[in-house]
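Atoms considered below: every heavy atom in the structure, side chains included; atoms not considered: hydrogens, waters and symmetry mates. Heads up: numbering here begins at 1 and tracks the sequence.
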Amino acid sequence: FDAAYPLIGNVLEFERNWALANQAYENVDPDPPYGWNARLRIATNLDRLERTEEAMAMLREMSAERPERTDALISLADMLRYDKRWEEAVAEYDKAAARISTLGENDWTLLYSRGIALERSGQWDRAEADFLRALELRPDQPLALNYLGYSWVEMGINLDRARGMIEKAVDLRPRDGYIVDSLGWVLYQLGDFGESVRQLERAVVLRPTDPVINDHLGDAYWRVGRILEAQFQWQRALTFEPEEDEIEKIKKKIDSGLEDI
């Protein structure tokens, strides 16, 4: 009874028992209707079991086997992106995109994911084009609105437009701490420090252990004269394992504060 094995696998995945889930999926007949999806699930679980290279090899074989499909390529690209292998991820997303004759509404996810990999690999022009195209396909997609808006904020460009996009994203996902943080940060960049503090305090409540959000709140506290609270937030940010290149910047702020604007 082939239909039972995917159901068993789904239950075991829900319980985070990846190895047993794969044993269930391996019992599925490789032919349609269930076989292809079972193989995709096996690859995903191999990655979760830290057998990533094995998972990637399986997905490459599947993508060659069915050149009309994009799902195996996209799964492969996602794994590479999660592994911070940005340029390799871009290459696989490009292959997936080349298999699509006309992009449809649901293809926003491919553009959004490739945009992230492009941005992280330093290819901003292509990344920006992907985010804008994703928003043409899905204008109300909060993740795309937030990523593009926040990227503009970090570069100090298109701040008013970025604010509008991020405010829209917050309206759509008001309890997403990362998106609320983006709103607080664009307000900071626009010089509205009081409202920035209010939004960043909300973001910290929603995501209390995120180093970037705590760091941002420290900056905002400093600008409104709440010096001790700023130093406390920067200390908290250090305890939550920030990116390596941010550690010295945060330590410098703890010692010397922020420069005057």
Side-chain angles (χ1 to χ4, degrees), residues 1-121 130 134 137-138 141-144 146-147 173 175-178 207 209-210 241:
F1 183 39
D2 251 11
Y5 289 115
L7 295 174
I8 294 168
N10 288 341
V11 171
L12 290 165
E13 281 194 66
F14 183 77
E15 295 176 345
R16 305 177 69 85
N17 199 330
W18 321 125
L20 279 180
N22 275 3
Q23 288 182 27
Y25 292 133
E26 285 164 0
N27 281 299
V28 178
D29 188 315
D31 293 325
Y34 306 113
W36 184 264
N37 189 62
R39 292 164 70 191
L40 289 173
R41 299 310 310 158
I42 289 170
T44 297
N45 290 332
L46 286 172
D47 182 46
R48 290 164 168 167
L49 291 165
E50 300 184 359
R51 295 164 62 184
T52 300
E53 293 303 323
E54 188 177 343
M56 289 182 180
M58 182 176 180
L59 290 168
R60 287 189 177 95
E61 181 181 324
M62 291 175 69
S63 69
E65 179 184 328
R66 299 285 296 274
E68 78 282 6
R69 297 187 67 117
T70 62
D71 45 7
L73 274 174
I74 292 172
S75 293
L76 171 60
D78 287 342
M79 285 183 192
L80 290 163
R81 177 165 59 88
Y82 298 147
D83 209 30
K84 299 184 179 181
R85 294 158 64 175
W86 311 117
E87 292 183 359
E88 292 177 72
V90 169
E92 300 304 330
Y93 286 128
D94 284 345
K95 291 176 188 176
R99 294 185 177 186
I100 303 172
S101 56
T102 303
L103 292 172
E105 181 180 348
N106 291 333
D107 293 315
W108 78 268
T109 55
L110 168 58
L111 295 168
Y112 170 73
S113 299
R114 186 173 66 176
I116 294 172
L118 286 163
E119 184 265 329
R120 297 305 297 269
S121 64
D130 270 0
L137 297 174
R138 288 284 294 273
Q141 218 307 311
L143 296 178
N146 180 64
Y147 204 103
R173 295 184 65 164
R175 297 195 59 78
D176 188 316
Y178 297 119
R207 288 281 178 180
T209 62
D210 185 84
E241 300 181 2

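Looking at heavy atoms from C-beta onward, Leu49 lies out of side-chain contact with Glu54 at the 4.5 angstrom threshold.
Heavy atoms from other residues, nucleotides or ligands lying under 6.0 Å from CD of Glu87 number 12 at most. Environment of CD in Glu61: sparse, with no more than 12 heavy atoms of neighbouring residues, nucleotides or ligands closer than 6.0 Å.
The closest donor-acceptor contact from the side chain of Ser121 to the backbone of Leu118 lies under 3.5 Å. At least one donor-acceptor pair closer than 3.5 Å links the side chain of Asn27 to the backbone N or O of Gln23. Between the side chain of Asp107 and the main chain of Gly104, a donor-acceptor pair closer than 3.5 Å is present. At distances below 3.5 Å, at least one donor-acceptor pair connects side-chain atoms of Asp29 with backbone N or O atoms of Asp31.
What you find for Asp130 and Gly115 is that their closest heavy atoms are OD2-N, 3.8 Å. The two residues Tyr112 and Tyr147 make their nearest non-hydrogen contact at CE1-CB, 3.9 Å. Counting all heavy atoms, side chain and backbone alike, Glu92 lies closest to Leu80 at CG-CD1, 3.7 Å. In terms of heavy atoms, Trp36 sits closest to Ala72 at CZ2-CB, 4.3 Å. The two residues Thr70 and Ala96 have their closest heavy-atom pair at CG2-O, 3.5 Å. Heavy atoms only, all atoms of each residue included: Ala117 and Tyr93 are closest at CB-CE1, 4.3 Å.
In summary, Asp210 and Arg207 do not engage in a salt bridge, as defined by a charged side-chain N under 4.0 Å from a carboxylate O. A salt bridge does not link Glu68 to Arg99: none of the charged nitrogens lies less than 4.0 Å from a carboxylate oxygen.
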